[in-house]
2 protein chains.
Amino acid sequence: MTAPPHEARPPGAGRALPDTQRGMRRRNLARVLHAVSAEGSLSRAAVAARIGLTRAAVSTLVDELIRWGLLEELGPERPGRVGRPGSALAVSGRGPAGIGAEIGVDHLAVCAVDLRGAVRARAVRHTANRGRAPGPVVGELTELVRHVVAEAEREALRPAGLAVAVPGLVARDGRTVVRAPNLDWHDTDLAPLLPADWPLTVDNEANFGALAELWLGAGTPRDFLHVSAEIGIGAAVVVDGGLLRGTRGFAGELGHVPVRPDGPPCPCGGRGCLEQYAGEEAVLRAAGLAPREDPVGLLAGRAEQGDASVRAALRDAGTALGIALTGAANLLDPETVVLGGALAGLSPWLLPSLETELRDRTAGPPCPVTVSGLGSEGPLLGAAHSVIRGVLDDPAAVVHG
Amino acid sequence: MTAPPHEARPPGAGRALPDTQRGMRRRNLARVLHAVSAEGSLSRAAVAARIGLTRAAVSTLVDELIRWGLLEELGPERPGRVGRPGSALAVSGRGPAGIGAEIGVDHLAVCAVDLRGAVRARAVRHTANRGRAPGPVVGELTELVRHVVAEAEREALRPAGLAVAVPGLVARDGRTVVRAPNLDWHDTDLAPLLPADWPLTVDNEANFGALAELWLGAGTPRDFLHVSAEIGIGAAVVVDGGLLRGTRGFAGELGHVPVRPDGPPCPCGGRGCLEQYAGEEAVLRAAGLAPREDPVGLLAGRAEQGDASVRAALRDAGTALGIALTGAANLLDPETVVLGGALAGLSPWLLPSLETELRDRTAGPPCPVTVSGLGSEGPLLGAAHSVIRGVLDDPAAVVHG
DNA sequence: ACTAATTTGTAAACGGCCATGACGAAATAG
DNA sequence: CTATTTCGTCATGGCCGTTTACAAATTAGT
């Protein structure tokens, strides 16, 4: 009775690969693995019911995934229900691992995540990277990667890919850092500097943070706006469970949305950008504090103690954020706005003014704002999980081809 | 070497239908039809090369589409190339038709478009609909629809669906008008008021206008922001060849993006919304003109004649638009911004200040702004074509099921 | 305890669909 | 006029999910 509205790409032109039987098999393998992964543990019959294939078909698919070491048979379930109990299947804890890495302004971090989503190895190193050349920084990161990979391999894990989160804009090629103001890197291809043993993805930390929220956050919807802030204000737009990247890969630049068109000039060339009000530097200045290590902790601490000027600075930042987010919410109609990264820790003092602004400027119910529970781990976990999602999304590609 | 970035929905969870052989056949039928439609005329071999299947497979698919009356054999091609010439295939000009309808503030329009994209029948009626109840208006529209359908059927066309463009917000159910300020309609389900003979879709005129631009515009990219204005300022976000609709279907509300946070109050509850500067009423007021029929024509005429106050009003509107679009472009990184609807006709006087604002507020090259060539026909054509796209996207569904 | 009902997993037969390879048809090139 | 190239089709084969049937394992009822 109702024709489907045009929100997805057309099935004809959009799909790159020809629709052949091998492709069908491939997608069904992915569907089975996805279903088991999402539920944690599932019988063949339950998988069949869930993905719409017959039990017989699922059986052969499961056999293949077990043969590849991606699924494990846990043994008979113990249900209270009538009928023969199913044999529980679970994603294997050995086999492919996702290696996630993060380049921060003052730290490097690497972790390995298995197919089940568990962190199996990690390494962190605190280093002041601001203004340091890409070569040495990435060299140091590579050391950590090798260390984590060695540890993972000792646990029978095999890296399936490396994903690197970077505090800056990354081109759509997934390897070139176009602009990272806080590191002072420009147009740097990181691929030659990193180990070439596995598929590589480089992406904005805000994007990986949003993906972590999408995949790991409790009750996170499939359409939301994720706002994080590490010095700059990065946002990521998640639409129907996927990242909106933009033509050049620069989507989500919330920091330079004009908030007060005649406000103070911004290095970007504009005036009154959000970053001039809610950026780290701006907030510190407004609070009368000098830039130093761990500014977020400093601000949170002072605010906690009741420091009036810090609280006022954060309140004003919340107002500016609220104005920018009103525009974004009007444009995108997301289900929620999620505050992550540094903003999560400062949310108690940002939220009141932010939500006031959002409420007063919206006809009807305003877009709900939630706070991420992932803390500062988001981007790193998102990076590692993005590799795992790649395996889940096309297991056949990992095994051969 | 490079893992795919996560921009699309996962192949497992995202796809609703199980991946079975029938579904494969169905998608391949769509791929063939799509290929022929996109190229206008193609031989079986050319289709095979284009979509990646073998000639033999394409032959059977084409046979079926011909049997269904969706494809036609035009006869042997006349190429200068060596080898046996192919037999040209083209989409049938008889068979399914898309019925598009538009409810405007001062007019109703209906048209029928065949699978080839040609308009085969049309009807327009000028009526003042502002403040009129939905019943009579839609009743009158239904008369026009019946008239156009009768004409189409006389040409051996069979309506495959009805799509209605409305100047207001439409719920994601594709039938309920949530808010249409210029008609003064609220939460009105149009389905019971329209003929139930075919699948029905109701959508925002800005959305249909953007789709028309996407499908019919020359050189329109797959990622752009389409801005139109009929009294309010509607925008539509096209991402990867599909409409971004938002959770509630309200995405694209550019009119209420805050431009000057302390500006004049807006009926939406906010202050300094774009609509307060670039909305029809606001521009007329700024130009010192009273609201009347065809305000766009009036403004364009006066501006053409060199009326200074009108030009100033349009320049200021362009500035406000530029500020709002800077924010939107930062957030979405579209390939272009397309000005459509009323904005297209006023673009000579809007563009200079708009582009200045965009350029001054963007680091690096600003997002290019283009003007739609579709004029006021956009929404109507987009509506009719959306039905056609539905057929192209799943021809099997139209024939049976 | 024993039977009936229910559910699971597997095996064999079946049917649909695309690939493969071969072939005739229809054009060009020399 | 022949060799070459390309097109469309046909027969064959292999892959894959479905259908149907059945044994295994559990609960519910008596």
Side-chain angles (χ1 to χ4, degrees), chain A residues 15 17-32 35-36 39 41-67 71-89 395-396 400, chain B residues 12 15 17-32 35-36 39 41-67 71-89 395-396 400-401:
Chain A
R15 185 180 311 277
L17 300 157
D19 215 334
T20 174
Q21 311 181 88
R22 214 189 320 278
M24 181 173 81
R25 180 79 175 173
R26 225 167 128 154
R27 289 189 298 273
N28 279 334
L29 285 163
R31 292 165 62 87
V32 169
V36 176
E39 223 61 32
S41 159
L42 228 49
S43 71
R44 289 167 175 79
V47 171
R50 208 180 151 80
I51 69 177
L53 297 180
T54 58
R55 298 198 309 268
V58 169
S59 262
T60 72
L61 291 163
V62 165
D63 285 349
E64 196 151 358
L65 290 170
I66 289 179
R67 206 174 324 122
L71 280 185
E72 279 175 1
E73 191 114 38
L74 293 185
E77 291 174 327
R78 289 237 120 272
R81 298 192 320 279
V82 61
R84 169 180 168 179
S87 180
L89 300 166
H400 51 275
Chain B
R15 186 181 308 277
L17 300 157
D19 216 334
T20 173
Q21 309 183 93
R22 201 170 353 255
M24 184 173 76
R25 180 77 175 173
R26 224 165 127 156
R27 288 190 299 272
N28 280 334
L29 285 164
R31 292 165 60 89
V32 170
V36 175
E39 222 61 32
S41 158
L42 230 48
S43 70
R44 288 169 176 77
V47 171
R50 204 180 156 81
I51 69 177
L53 297 179
T54 57
R55 297 195 310 257
V58 169
S59 262
T60 72
L61 292 163
V62 165
D63 283 350
E64 196 151 356
L65 290 169
I66 289 179
R67 206 173 327 121
L71 280 185
E72 277 175 5
E73 193 114 37
L74 293 185
E77 290 174 328
R78 290 238 125 268
R81 297 193 320 280
V82 62
R84 169 180 169 181
S87 180
L89 300 166
H400 50 276

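Per chain, numbering begins at 1; letters A, B, ... match sequence-line order.
- A donor-acceptor contact shorter than 3.5 Å is absent between the side chain of B/Thr20 and the backbone of B/Gly23.
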With side-chain contact (heavy atoms from CB on, under 4.5 Å) as the criterion, how do A/Leu65 and A/Leu29 come out once you've worked through the C-alpha distance, each side chain's angles and the decisive distance to 0.1 Å? CA-CA 7 Å; A/Leu65 290 170; A/Leu29 285 163; 3.8 Å; yes
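- B/Arg67 is linked by a side-chain contact (heavy atoms from CB on, under 4.5 Å) to B/Asp63, B/Glu64, counting only residues two or more places apart in sequence or in another chain.
- At least one side-chain heavy atom of A/Arg25 sits less than 4.5 Å from a side-chain heavy atom of A/Thr60.
- With the nearest nucleotide of DNA chain D identified for both B/Ser87 and A/Pro76, B/Ser87 has the one nearer the 5' end.
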Contact list (N/O, under 3.5 angstrom) for nucleotides 27-29 of chain D vs protein:
none

Any chance you could list the contact pattern along nucleotides 14-19 of chain D? Use B for base contacts, S for sugar-phosphate-only contacts and - for none, protein heavy atoms under 4.0 Å, 5' to 3'. BBBSBB
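- Side chain of B/Asn28 to backbone of A/Asp19: a donor-acceptor contact under 3.5 angstrom is found.
- Put simply, CZ on A/Arg31 and CE on A/Met24 are 11.5 Å apart, with the number rounded to the nearest 0.5 Å.
- Rounded to a whole Å, the CZ atom of B/Arg84 is 5 Å from the C1' atom of D/dC7.
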Which donor-acceptor pairs under 3.5 Å do side chains of residues 48-56 of chain B form with protein atoms, sequence neighbours excluded?
{"unit_1": "B/Arg50", "atom_1": "NH1", "unit_2": "B/Glu39", "atom_2": "OE1", "d": "3.1"}
{"unit_1": "B/Arg50", "atom_1": "NH2", "unit_2": "B/Glu39", "atom_2": "OE1", "d": "3.2"}
{"unit_1": "B/Thr54", "atom_1": "OG1", "unit_2": "B/Ala57", "atom_2": "N", "d": "3.3"}

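- Contacts of B/Ser41 classified as side chain to side chain donor-acceptor pair (under 3.5 Å), with partners at least two apart in sequence or in another chain: none.
- For the pair A/Glu77 and A/Arg84, the salt-bridge criterion is not met [side-chain N within less than 4.0 Å of a carboxylate O].
- Between B/Val32 and B/Val62, the shortest heavy-atom contact is CG1-CG2, 4.0 Å.
- In summary, contact between chain A and DNA chain C, defined as any nucleotide atom under 4.0 Å from a heavy atom of the protein, begins and ends at C/dT6 to C/dC18 in the 5' to 3' direction.
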